[in-house]
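Side-chain atoms are counted along with the backbone in the values below, which use heavy atoms only and exclude waters and symmetry mates. Naming convention: chains lettered A, B, ... in sequence-line order (proteins, then strands); numbering from 1 in each chain.
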Number of protein chains: 2
Amino acid sequence: MRISALAAEVGLPVATVKFYLREGLLHAGAASSATQASYDDGHVRRLRLVRALTGPVGLSVQQARAVLQLVDEPGDDLYSTLGRAVGALPPGGAEPGEASDPFPRARAALESLGQVYDPDFAAVAQLERALAAAADAGMPISPERLAHYGRTTAELAAYDLERMPAEPHAAVEYTVLGTALYEPVLLALRRLAHQDAAVRRLGRPG
Amino acid sequence: MRISALAAEVGLPVATVKFYLREGLLHAGAASSATQASYDDGHVRRLRLVRALTGPVGLSVQQARAVLQLVDEPGDDLYSTLGRAVGALPPGGAEPGEASDPFPRARAALESLGQVYDPDFAAVAQLERALAAAADAGMPISPERLAHYGRTTAELAAYDLERMPAEPHAAVEYTVLGTALYEPVLLALRRLAHQDAAVRRLGRPG
DNA sequence: TAATATTGGAGAGTCCCACTATCCAATCAC
DNA sequence: GTGATTGGATAGTGGGACTCTCCAATATTA
């Protein structure tokens, strides 16, 4: 399959495929001569994945590259690879400062939920930022609501973990792509559940 | 309070505050002369809200303006105002095409969950895109997983709805800001719950 | 009152990002 | 052999979010 066929298959301009090649999001095809390379189904799947990550998931090209690299070559320490991979996804929190307690809100929240508090994990910074943003905007999250959210998300996580593959490479792919691709589904479902509940409570319009 | 004090209070350059004024994200101060206006706590709060929306929540200036306008002046039809307001938030799905069944995956999903299917609601398009993206990327969501996510998000929505204020203006603010500000919290909590579950299953590193 | 600083307002400029277009010499395909 | 296509590199484009520069009209300060 030549580049024009590959581009047509995925529905992208050839120039864009070349761009992804240059940016390292797509591995080069098998070169058969100085001006010819052949691409296969792997390239098609990869391109679809790239489009999913840069489109609906909303990653920048840089972020997508970071995620894909970790999926392509996970380190030998599964725990830290998972942490880094998920940390490469947006929204991405700030770096931990020099303060003795860099993430006070997140720490308090996690302790009250009885969960691990590992300040190196990027999602802790995300949580801190999100909690601070809500409070700054005048809608702080009550401890009660936080507890409810924590219980519910723990249930979601337990479900996902039970289905995680045992083999490390597959586990990283499952975790990263599951996080990136399923989060939008969860958010859409929550919004629709709000609508459903609102209809039941407020009655149908018109 | 003059503009420089306002900017200092929120920690922004004066130029940026002027930019938000121009873009309609911040209402003008009370003009006391041709070159003087005074700003109050309302402006401080508003600016913090704008920063929360354009920062952690990730809205563009356009999106933030749309959201804030709906919060500022909700229509008389609460149901449609809520729908439009939440629809103004990202990721924002595509327009419904001319097809007889524009959102096949989303419709099937909602029907299997026993929820309302209203193709005018923007989150339906979001769900369609998210489901399509997952499938395109080679990780389609199984009906079983969808059912689980649906049950869990319904529980979240029920909790939120119970706490929605009765007065329309407050209800719109609660719903829109709750959606925009609490979604990042939920995502961070889910990622942390994954980590917590992973530690329990894989054991601590090192 | 005179000198200095600040303000509101508007326009232009900057920087980054995700593409997109143009070239070119080396093949291919007919 | 001749026109089309390719890989590869370089440059250009359009959008978004600021950021800078001016300016005349005040405020503030000396």
Would you give me the side-chain donor-acceptor pairs under 3.5 Å for residues 175-188 of chain B, sequence neighbours excluded?
unit_1   : atom_1 : unit_2   : atom_2 : d
B:Thr175 : OG1    : B:Ala171 : O      : 2.8
B:Thr179 : OG1    : B:Thr175 : O      : 2.7
B:Tyr182 : OH     : A:Met139 : O      : 3.2
B:Glu183 : OE1    : A:Arg191 : NH2    : 3.0
B:Glu183 : OE2    : A:Arg191 : NE     : 2.8
B:Glu183 : OE2    : A:Arg191 : NH2    : 3.3

query = Okay, side chain of B:His169, backbone of B:Val71: is any donor-acceptor separation there less than 3.5 Å?
reply = yes
query = Quick one: do B:Arg190 and A:Glu155 make a salt bridge, cutoff under 4.0 Å?
reply = no
key: Start and end of the DNA chain C segment that chain A contacts, any atom under 4.0 Å from a heavy atom   = C:dC17 to C:dC28
query = Does the side chain of B:Leu110 reach to within under 4.5 Å of the side chain of A:Asp196, using non-hydrogen atoms?
reply = no
ask   = Side chains of A:His148 and B:Leu156: does their closest heavy-atom pair fall under 4.5 Å?
value =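 Yes - at least one pair of side-chain heavy atoms lies under 4.5 Å apart.
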Tell me, please, which residues at least two apart from [X] pass side-chain hydrogen bond (donor to acceptor under 3.5 Å, both in side chains).
X        : value
A:Gln195 : B:Tyr79
B:Tyr149 : A:Asp160, B:Arg145
B:Ser33  : none
A:Glu9   : none

key: Of all pairs that satisfy side chain to side chain donor-acceptor pair (under 3.5 Å), the ones with a partner from residues 42-53 of chain B, not counting sequence neighbours   =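 Matches after skipping sequence neighbours: B:Tyr20-B:Arg51, B:Asp40-B:His43, B:Arg46-B:Asp72.
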query = Where along nucleotides 23-30 of chain D does protein come under 4.0 Å, by heavy atom, of base (B) or sugar-phosphate alone (S), with - for untouched nucleotides?
reply = --BSS---
key: OP1 or OP2 of D:dT6 under 4.0 Å from side-chain N/O of A:Tyr39   = no
query = Which parts of residues 54-72 of chain A get close to DNA chain D, meaning a heavy atom less than 4.0 angstrom away?
reply =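 Listed by number, there are none.
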task = Go through the steps to decide whether B:Leu21 and B:Ile3 satisfy the test side-chain contact (heavy atoms from CB on, under 4.5 Å), and finish with yes or no.
result = CA-CA 11 Å; B:Leu21 284 168; B:Ile3 198 172; 4.2 Å; yes
inquiry  = Any residue in residues 7-21 of chain A with a heavy atom nearer than 4.0 angstrom to DNA chain C? Just list them by number, or reply none.
reply    = A:Pro13, A:Ala15, A:Thr16, A:Phe19, A:Tyr20
task = Have a look at the helix from C:dT1-D:dA30 to C:dC30-D:dG1 and give the angle its two end axes make, five pairs each, rounded to 10 degrees.
result =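 End-to-end axis angle: 0°.
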request  = Check A:Ala135 against A:Arg105 and note the closest heavy-atom contact, atom names and distance.
outcome  = CB-NH1, 3.5 Å
note = Smallest heavy-atom separation, B:Ala137 atom then A:Ala52 atom, equals CB-CB, 4.1 Å
ask   = Roughly, in whole Å, what's the span from CD in A:Glu23 to C1' in D:dG8?
value = 14 Å
inquiry  = Would you say that more than 12 heavy atoms from the other residues, nucleotides or ligands in this model lie under 6.0 Å from the CD of B:Glu111, or not?
reply    = yes
note = Residues pairing under salt bridge (charged side-chain N to carboxylate O under 4.0 Å, His left out) where one sits in residues 10-29 of chain A, two or more places apart or in two chains, turn out to be A:Glu23-A:Arg65
